[in-house]
Amino acid sequence: MTQTDADAKPEKEPERRTGPVTFTKQVVGELRKVRWPTRRELITYTIVVIVFVLIMVGYVSLLDFGFGEAVTWLYSQFTPNAGGGGGAGVPGQ
């Protein structure tokens, strides 16, 4: 059998570590390439995010309330003596 390129194990060279000064220079160089948003864009994006979060909070709150009410109703349907009745530990009974 012959060994194909896919079967061959690549010879890895040990990765050289980058020093802190070189790393900092590379970070600054990458940050210079970034297209920073204008003040107007930043305000617009912030408002969009806040509105979206408020809508999602309202949606999840409605789901939570609805499921909570459904579970409460469900338990009241299958629990005997629901809605009152004196049991142990109820004063005055």
Got a list of side-chain donor-acceptor pairs under 3.5 Å for residues 46-62, not counting sequence neighbours?
from	atom 1	to	atom 2	distance (Å)
Thr46	OG1	Leu42	O	2.7
Ser61	OG	Val57	O	2.7

Give the cluster check for Phe78 versus Trp73: same hydrophobic cluster or not, with ILVMFWY residues linked at side-chain heavy-atom distances below 4.5 Å.
yes
Do you reckon Leu63 sits in the same ILVMFWY cluster as Leu74, going by side-chain contacts under 4.5 Å, direct or chained?
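As far as the 4.5 Å side-chain criterion goes, Leu74 and Leu63 are not connected within one cluster.
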Heavy-atom pair of closest approach, residues Leu31 and Trp36
O-NE1, 3.5 Å
Could you give the side-chain donor-acceptor pairs of residues 64-72 under 3.5 Å, partners two or more places apart or in another chain?
from	atom 1	to	atom 2	distance (Å)
Thr72	OG1	Gly68	O	2.8

